[in-house]
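These notes are about the structure you will find just below.
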Amino acid sequence: MANVFTMFEHRIKKIIEDSEIYQENGFDLSRVSIESPRDKAHGDLATNAAMVLAKPLKQNPSAIAEKLVLALDDDPDVVSADIAGPGFINLRLTEAFWTNHLDHILSQGDAYGGDATGQGAKVNVEYVSANPTGPMHVGHCRGAVVGDALANLLEFAGFDVTREYYINDAGGQIEVLARSVFLRYREALGEDIGSIPEGLYPGDYLIPLGQELAQKHGAALAEMDESAWLPLIKEASIDAMMDLIRTDLAALGVRHEVFFSERDLHHQTGDSSAISKAISTLEEKGLVYRGTLPPPKGAVPEDWEDREQLLFRSTDVGDDMDRALMKSNGDFTYFAADVAYFKDKFDRQFTEMIFVLGADHGGYVKRMEALAKAISGGSARATIRLCQLVKLFRDGEPIKMSKRSGEFVTLREVVDEVGRDAVRFMMLYRKNDAPLDFDFAKVTEQSKDNPVFYVQYAHARCHSVLRQAAADMPDLDLDAAADTGLLVDGGELDLVRKMAEFPRIVDSAARTHEPHRIAFYLYELSSQLHAHWNRGRDKPGLRFIHQENAKLTLARLALVKAVSRVIAKGLAIVGADAPVEMR
RNA sequence: GGUCCCGUAGCUCAGUAGGAUAGAGCGUCGGAUUCCUAAUCCGAAGGCCACAGGUUCGAAUCCUGUCGGGAUCACCA
């Protein structure tokens with residue numbers, strides 16, 4: 001088993017389950033856990049078993065602990081089991097256990113850490129889903145990176161992941177886009193269009209598309225009725241914008257397997273659209289009615305109208321208020337499409353739908369959870385991860401952006417300036433529900449303030465050692481089996497212990513949908529590597545390479561290899577490169 | 001007014017399904033380089049974990065309330 005923590009959790013539970021008192025009564029063991037003590041002096045592992053069992057057994061924790069310790073002492077991997085504090089049992093494991101674990105890490109290769117958390121469960125991760133009305137701006141960045149890294153993480157943790165992008169290509173904003181493009185088209189034909197009218201997209205990025213259309217269609221479109229050119233230009237605009245977006249995403253290293261079009265949900269297939277069908281499904285469950293919504297609490301908007309609409313009784317399934325399915329003009333609402341889209345995912349057998357959204361979608365959480373409950377009857381789950389805003393700075397000064405004038409910092413500009421790896425790492429070097437300050441000056445600085453370089457440097461340093469060994473000891477076969485039992489230094493074994501945490505970190509990060517834990521773990525592991533490396537400065541005996549001692553060198557290189565692989569794997573989840581040299 | 005998120009060192013933030021003496025980076029101060037890469041390391045100082053109650057063997061973590069900051073609130077997308 002790859003996970004040291006679950007391994008010992010099973011051993012302890014086995015001891016308890018084998019006991020007479022358990023077999024007679026049985027009791028809940030779910031709270032029994034293994035953790036690494038905060039203070040290294042307490043040993044390698046600690047368990048709360050005795051404290052957890054005190055209540056059901058109606059015994060003193062220390063009395064229970066004594067019995068457990070007795071059994072644990074028989075474990076050949078355990079050097080000592082001590083009772084401490086309020087009833088913790090601290091375990092110290094043999095050096096051989098840890099060096100064996102190092103062998104295990106190496107034998108697992110790239111798969112090490114990928115515990116079977118997911119067990120093949122189908123998960124849908126939807127992220128980015130930016131409107132196809134222009135290039136991606138920096139506001140999309142965080143969600144894109146968090147979503148992509150989360151998908152990487154879940155995949156590694158054993159889930160069957162589908163990465164999905166929902167193209168909002170059906171709403172009024174597409175009409176606005178098409179009209180804006182039409183204007184650029186006329187401009188390309190030589191017409192003086194003056195300034196872009198209020199309400200249309202002013203950005204320069206539409207100019208090439210206008211030119212392209214002019215080249216392809218000549219003046220033909222301009223002579224058509226609007227009802228004729230509008231669909232044509234819509235189609236061309238959506239395609240062009242999605243191309244822009246895909247290029248931007250590629251620059252950030254973000255990919256999706258499925259691009260799902262909202263328009264498809266509106267299309268009539270047979271006698272009805274996917275949306276009508278989905279609404280019928282809700283109807284069958286008695287969750288649809290015609291009625292009016294109460295006005296918002298507090299400040300009521302001035303243009304508030306009381307009107308009867310087709311509504312989803314989402315309050316029956318946990319929402320705060322019912323949701324409109326149809327607008328007053330008879331069109332479906334955006335949410336109606338969401339209903340159909342969710343049903344589509346559910347019909348594709350996903351048991352968990354994850355949505356990575358911006359903080360401005362906070363109001364979405366309850367209605368999506370309600371929707372999941374209504375459509376699946378409780379068998380599928382909607383999980384929403386909200387990403388807080390990113391505030392941009394340059395040398396400590398906030399950067400102002402104005403969407404109205406079309407002046408915003410694009411995702412591409414950020415990637416081009418600071419690099420994909422740094423952008424991705426920084427976006428993950430924070431809990432997603434905490435706001436993030438992003439300073440161009442600091443992120444491009446290749447030093448202390450910049451954890452991505454710190455981690456990449458650790459990886460490069462490992463490879464530097466391997467290169468150096470090959471140069472210093474040309475006769476040494478670096479791939480030969482190493483006797484890792486020669487590793488006895490505390491710093492070396494600490495590195496193994498740290499690597500032993502990796503499967504547990506992957507597991508917990510996957511369960512909680514918190515990819516940032518990987519980034520923080522990488523920083524810690526890197527820190528230990530750097531620290532150990534520097535110990536070799538003062539004490540040459542601790543250096544990795546000893547030309548006069550091939551066996552010792554091989555053992556230490558094995559440790560270096562393992563560290564570099566774990567870092568590389570973590571960086572792969574983050575979505576950053578693991579460079580072998582940094583000059 | 002409702003809902004959601006946040007409040008931890010001077011600053012920016014972690015805190016492992018409730019655990020032992022709350023951690024890291026930056027900044028400050030003091031050190032380490034004829035050496036496998038100093039983009040690194042070692043040490044010191046720095047805390048009423050916003051506040052008040054509650055739950056329990058045990059709370060930064062869970063519950064209630066208060067204060068402070070942010071997001072959001074019918075037909076848009």
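Residue numbering restarts at 1 for every chain, and letters A, B, ... go by the order of the sequence lines.
A:E352 and A:T383 share a side-chain donor-acceptor pair at under 3.5 Å.
Using a cut-off of 4.0 Å between Lys/Arg side-chain N and Asp/Glu carboxylate O, A:E369 and A:K373 are scored as not salt-bridged. One finds no salt bridge joining A:D319 and A:K366 here, because no Lys/Arg side-chain nitrogen approaches an Asp/Glu carboxylate oxygen to under 4.0 Å. Under 4.0 Å is where a charged nitrogen must lie from a carboxylate oxygen, and between A:K13 and A:E9 at least one such pair does. In this structure, A:R504 does not pair ionically with A:D507, as no charged nitrogen and carboxylate oxygen lie closer than 4.0 Å. Taking 4.0 Å as the cut-off between side-chain N and carboxylate O, A:R394 and A:D439 do not count as a salt-bridged pair. Contact check on A:E514 versus A:K431 returns no salt bridge, with no Lys/Arg side-chain nitrogen under 4.0 Å from an Asp/Glu carboxylate oxygen.
Between A:Y454 and B:C41 there is a side-chain polar atom (N or O) within less than 4.0 angstrom of OP1 or OP2. Taking only side-chain nitrogens and oxygens, A:R307 never comes nearer than 4.0 Å to OP1 or OP2 of B:C75. Look at A:H516 and you'll find a side-chain N or O under 4.0 angstrom from OP1 or OP2 of B:G15. Contact annotation: A:K58 does not reach the phosphate of B:C57 (side-chain N/O to OP1 or OP2, under 4.0 Å). At B:U16, none of the side-chain N or O atoms of A:R504 fall inside 4.0 Å of OP1 or OP2 (strictly under the cut-off). Within the structure, a side-chain polar atom (N or O) of A:K431 is placed less than 4.0 Å from OP1 or OP2 of B:A14.
You'll find the side chain of A:M321 stays beyond 4.5 Å of the side chain of A:S314, heavy atoms only. The shortest side-chain heavy-atom distance between A:D28 and A:P56 does not fall under the 4.5 Å cut-off. Using a 4.5 Å heavy-atom threshold, the side chains of A:V365 and A:L386 count as touching. Looking at heavy atoms from C-beta onward, A:F520 lies in side-chain contact with A:Y429 at the 4.5 angstrom threshold. Side-chain contact between A:M473 and A:T553 is present, with at least one heavy-atom pair separated by less than 4.5 Å. No side-chain heavy atom of A:L428 sits less than 4.5 Å from a side-chain heavy atom of A:I518.
If you find the closest nucleotide of RNA chain B to A:N168 and to A:S30, the one lying nearer the 5' end belongs to A:S30. Heavy-atom distances to RNA chain B give each of A:V52 and A:E524 a nearest nucleotide, and the one nearer the 5′ end belongs to A:E524.
The nucleotide whose nearest atom lies closest to any side-chain atom of A:S527 is, among B:C41, B:A24, B:A39, B:C41. Comparing B:C75, B:A77, B:A74 against the side chain of A:M321 picks out B:A74 as the nearest. Considering only side-chain atoms of A:A324, the nucleotide from B:C75, B:A77, B:C5 that sits closest is B:C75. Checking B:A77, B:U3, B:A71 against the side-chain heavy atoms of A:A359 singles out B:A71 as nearest. In the set B:U37, B:A71, B:A74, B:A71 carries the atom at the smallest distance from any side-chain atom of A:D360. For A:K55, counting side-chain heavy atoms from C-beta on, the closest listed nucleotide (B:U56, B:G15, B:C41) is B:U56. Closest to the side chain of A:Q468, out of B:C36, B:A77, B:U40, is B:C36.
Listed by residue number, the members of residues 505-514 of chain A with any heavy atom below 4.0 angstrom from RNA chain B form an empty set.
Taking a centre distance below 5.5 Å and an interplanar angle below 30 degrees as the stacking criterion, A:F88 stacks against the six-membered base ring of B:A20.
Atom-to-atom, CD of A:Q528 to P of B:G23 comes out at 16 Å; the value is rounded to the nearest Å. Atom CG of A:L436 is separated from atom P of B:A14 by 10 Å (rounded to the nearest Å). Rounded to a whole Å, the CG atom of A:D331 is 14 Å from the P atom of B:C75. Distance A:R38 CZ to B:A20 C1': 8 Å, rounded to the nearest Å. Following rounding to the nearest Å, A:I518 (CD1) and B:G15 (P) show an atom-to-atom distance of 13 Å. At whole-Å resolution of the value, NE2 in A:H361 and C1' in B:C73 are 14 Å apart. The CG atom of A:D322 sits 15 Å away from the C1' atom of B:C73 (whole-angstrom rounding). Separating the CZ atom of A:R31 from the C1' atom of B:U55 is a distance of 12 Å, rounded to the nearest angstrom.
Counting non-hydrogen atoms under 4.0 angstrom, A:F520 reaches the backbone sugars and phosphates but no base. When heavy atoms are screened at a 4.0 angstrom cut-off, A:A46 is found touching base atoms of the nucleic acid.
Scanning atom types as modelled, no donor and acceptor separated by under 3.5 angstrom connect the side chain of A:R467 and the base of B:C36. Under 3.5 Å, the side chain of A:R430 and the base of B:G15 form no donor-acceptor pair of N or O atoms. No hydrogens or angles were tested; on distance alone, a donor-acceptor pair under 3.5 Å links the side chain of A:N90 to the base of B:A20.
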**Report entry** Worked verdict on A:Y521 versus A:F502 for side-chain contact (heavy atoms from CB on, under 4.5 Å)
**Finding:** CA-CA 8 Å; A:Y521 171 78; A:F502 186 55; 3.4 Å; yes

Requested in this report: Starting at the 5' end of RNA chain B, write a dot or bracket for each base, bracketing those in Watson-Crick or G-U wobble pairs whose two distances are under 3.5 Å and using | for partners on another strand.
Outcome: (((((((..((((.....[...)))).(((((.......))))).....(((((..]....))))))))))))....

Do any N or O atoms of the protein come closer than 3.5 Å to N or O atoms of nucleotides 32-34 of chain B, and which pairs are they?
none

